[in-house]
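Proteins get letters first, then strands, A, B, ... in listed order; numbering begins at 1 in each. Values below: every heavy atom of this structure, side chains too, minus hydrogens, waters and symmetry copies.
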There are 2 protein chains.
Amino acid sequence: MSEYFDKSTKRCADCQSMSQLFCLLNQDELAMVDANKIFVRFNAGETIKKQGTFMSHVLSVNSGLAKLYIEGIEGRSAILRIVKPTSFIGGPGIYSDQRHHFSITALVDSSVCFIDLQVFKKILSGNQLFAEEFLKDFSQDVLSVYNRLIYLTQKQMPGRMADALLYLHDAIFRKLKFPMILSRFELAELSAMSRESAVKVLRDFQKEGLLRISDHEMEILDLEALHKISRVG
Amino acid sequence: MSEYFDKSTKRCADCQSMSQLFCLLNQDELAMVDANKIFVRFNAGETIKKQGTFMSHVLSVNSGLAKLYIEGIEGRSAILRIVKPTSFIGGPGIYSDQRHHFSITALVDSSVCFIDLQVFKKILSGNQLFAEEFLKDFSQDVLSVYNRLIYLTQKQMPGRMADALLYLHDAIFRKLKFPMILSRFELAELSAMSRESAVKVLRDFQKEGLLRISDHEMEILDLEALHKISRVG
DNA sequence: AATGAAGATTGACATATATCAATTTTTACA
DNA sequence: TGTAAAAATTGATATATGTCAATCTTCATT
């Protein structure tokens with residue numbers, strides 16, 4: 001409880017888990033962020049941001065892991081990416097309709113800073129380098145969506161699932177053995193298939209000795225083979 | 001020939017087909033664009049920009065129509081959108097790796113202004129309002145990719161084809177009867193299916209009296225029904 | 001008009017994928 | 001610890017979609 005209080009009020013200047021982007025701010029700018037931010041903890045499963053709501057703040061993920069997903073047709077969702085600590089989350093709403101165009105849900109206990117959007121925009125317009133970095137960040141996100149568009153529409157299930165697992169390995173955990181933060185259903189949402197199909201593809205992968213799932217952990221046994229499946233489609 | 005020469009050297013200040021965005025520039029800025037632009041005509045079928053190449057310029061489409069597409073796996077492409085006159089084309093490469101992340105091919109005879117990227121960036125950083133509008137434009141493009149990601153992965157063929165046709169109607173021609181600028185194969189690339197499937201879906205649409213294709217023209221006969229198919233998926 | 005190339009069409013077929021229903025396993029919590 | 005709810009699994013089946021091969025049409029060019 002005291003820990004909760006401590007962290008929620010600590011100053012940005014002392015923060016170790018601030019997203020890279022904000023390192024480009026000077027003291028005054030950081031003080032402005034400081035004065036206009038809100039620190040919040042979320043339990044696993046809680047909704048951090050809901051698609052369609054007004055974008056009053058931008059986000060910086062301090063700790064934990066979350067899924068960022070688009071809510072599509074008839075309750076079906078497409079997970080765009082997994083959000084890990086120290087990453088900044090803005091989105092196309094900042095400069096269009098000031099709404100959130102995706103939802104974010106905590107996968108494990110997480111903490112997030114909400115930074116007032118108007119303050120953020122003001123700083124953006126006054127700090128050239130910061131603005132450039134912000135755009136770089138945004139552009140990278142866009143490129144990854146391009147990439148997903150292609151692989152989700154041009155590969156079949158095994159290739160898509162391989163890509164999803166390789167993504168977890170390459171971009172999130174960087175280890176062959178990592179905790180299963182996603183349910184089968186969520187893995188299905190990440191690779192655009194039905195829950196049952198996800199189960200079957202994973203079973204096949206395990207049968208072929210590509211990976212092992214046990215005790216809430218996944219271990220990739222044959223990275224090279226996964227890469228090959230990803231390539232073949 | 002004289003016409004060609006005329007148009008290629010005319011000044012931006014006099015240009016009627018400059019993209020909206022540039023209306024926000026002052027005289028000096030426009031003069032800078034003027035001095036650092038290249039005007040080029042393309043014949044139908046010619047490649048305007050090739051994915052992967054160095055982004056030395058940003059584009060403004062003066063006349064004609066073009067397809068903007070991502071070249072994906074094994075020669076397969078996904079058409080992102082149709083580009084019509086007076087639209088600006090930048091893309092995520094501007095602020096990431098300075099490469100083009102899509103290709104653009106003229107569908108009909110077209111003309112394009114190429115504006116030096118460094119000059120463009122310099123103007124961006126000096127003109128707040130211009131920068132905001134640029135970001136709005138970019139954000140809209142991103143939102144449309146979100147949208148496509150959802151509908152390409154969550155709808156089946158008839159729904160996807162209906163969306164493609166409605167897109168041509170709503171966003172490009174704004175008429176029920178319009179020229180068939182896309183081949184069946186390109187319609188397939190726009191709606192993520194095989195050439196043959198596109199043919200069959202279109203045949204079904206025609207059988208049901210939703211549309212008519214003849215003499216290089218498509219006429220939508222039952223807009224409401226198309227909307228319904230789009231909704232049902 | 002004749003020719004050939006590209007595009008469009010078709011039906012048969014194979015395959016990928018979703019759906020359904022039943023069952024088992026895991027998890028949460030009273 | 002027991003119990004209910006949620007998640008995962010499975011096999012059977014239906015459906016959507018791609019692939020193939022053959023044919024037909026259109027169009028540009030000689």
Taking any atom closer than 4.0 angstrom to a non-hydrogen atom of chain B, what span of DNA chain C does the protein reach, first nucleotide to last? C:dA8 to C:dA12
For the pair B:Asp141 and B:Arg81, find out whether any cationic side-chain nitrogen is under 4.0 Å from an anionic carboxylate oxygen. yes
Check whether B:Phe173 forms a cation-pi arrangement with B:Lys175 (NZ or CZ under 6.0 Å from the six-membered ring centre, at most 45° off the ring normal). no
Taking the basic N atoms (NZ, or NE/NH1/NH2) and the acidic carboxylate oxygens, is any pair closer than 4.0 Å for A:Arg11 and A:Asp14? yes
Quick one: on DNA chain C, does A:Ser197 or A:His216 contact a more 5' nucleotide (nearest heavy atom)? A:Ser197
Whole-Å distance separating the NZ atom of A:Lys155 from the C1' atom of D:dG18: 18 Å
Output for pair (B:Gln98 CD, B:Phe54 CZ), nearest 0.5 Å, gives 4.5 Å
Correct closest heavy-atom pair for B:Met161 and B:Ala198 would be CE-CB, 3.7 Å
Rounded to the nearest angstrom, tell me the gap between atom CD in B:Glu189 and atom C1' in D:dG18. 15 Å
Would you check if the distance from the ring center of A:Phe39 to the ring center of A:Phe114 is below 6.0 Å? no
In residues 73-82 of chain A, which ones come under 4.0 Å of DNA chain C, going by heavy atoms? none
Could you say whether A:Gln156 or A:Arg203 is positioned toward the 5' end of DNA chain D, judged by the nucleotide with the nearest heavy atom to each? A:Arg203
Heavy atoms only, 4.0 Å cut-off, all strands: where does B:Ser194 land among base, sugar-phosphate and nothing? base
Atom of B:Lys67, atom of B:Tyr69 and distance for their closest heavy-atom approach: O-CD2, 3.6 Å
A:Phe185 CZ - D:dT9 P separation (whole Å): 15 Å
A:Leu202 CG to D:dT9 P, straight-line distance once rounded to whole Å: 8 Å
Whole angstroms only, please: what is the CD-C1' distance between A:Gln154 and D:dT17? 15 Å
Whole angstroms only, please: what is the CD-P distance between A:Glu196 and D:dG11? 14 Å
A:Ile38/A:His57 under side-chain contact (heavy atoms from CB on, under 4.5 Å): CA gap, chis, key distance, verdict: CA-CA 9 Å; A:Ile38 304 164; A:His57 297 75; 3.8 Å; yes
Just the rounded figure in Å: distance from C1' of D:dT26 to CZ of B:Arg184. 12 Å
Show your reasoning for whether side chain to side chain donor-acceptor pair (under 3.5 Å) applies to B:Lys155 and B:Ser230. CA-CA 8 Å; B:Lys155 289 186 186 184; B:Ser230 161; 3.2 Å; yes
So for the helix from C:dA1-D:dT30 to C:dA30-D:dT1, with five pairs setting each end axis, what is the inter-axis angle to 10°? 40°
Which of these, A:Thr105, A:Leu68, A:Val112, sits in a side chain to side chain contact (heavy atoms under 4.5 Å, CB included) with A:Ile48? A:Val112
Parallel, tilted or perpendicular: which fits the ring planes of B:Tyr146 and A:Phe102, with parallel below 30° and perpendicular above 60°? tilted
Taking atom P of D:dA7 as reference, at what distance in whole Å does atom CD1 of A:Ile213 sit? 17 Å
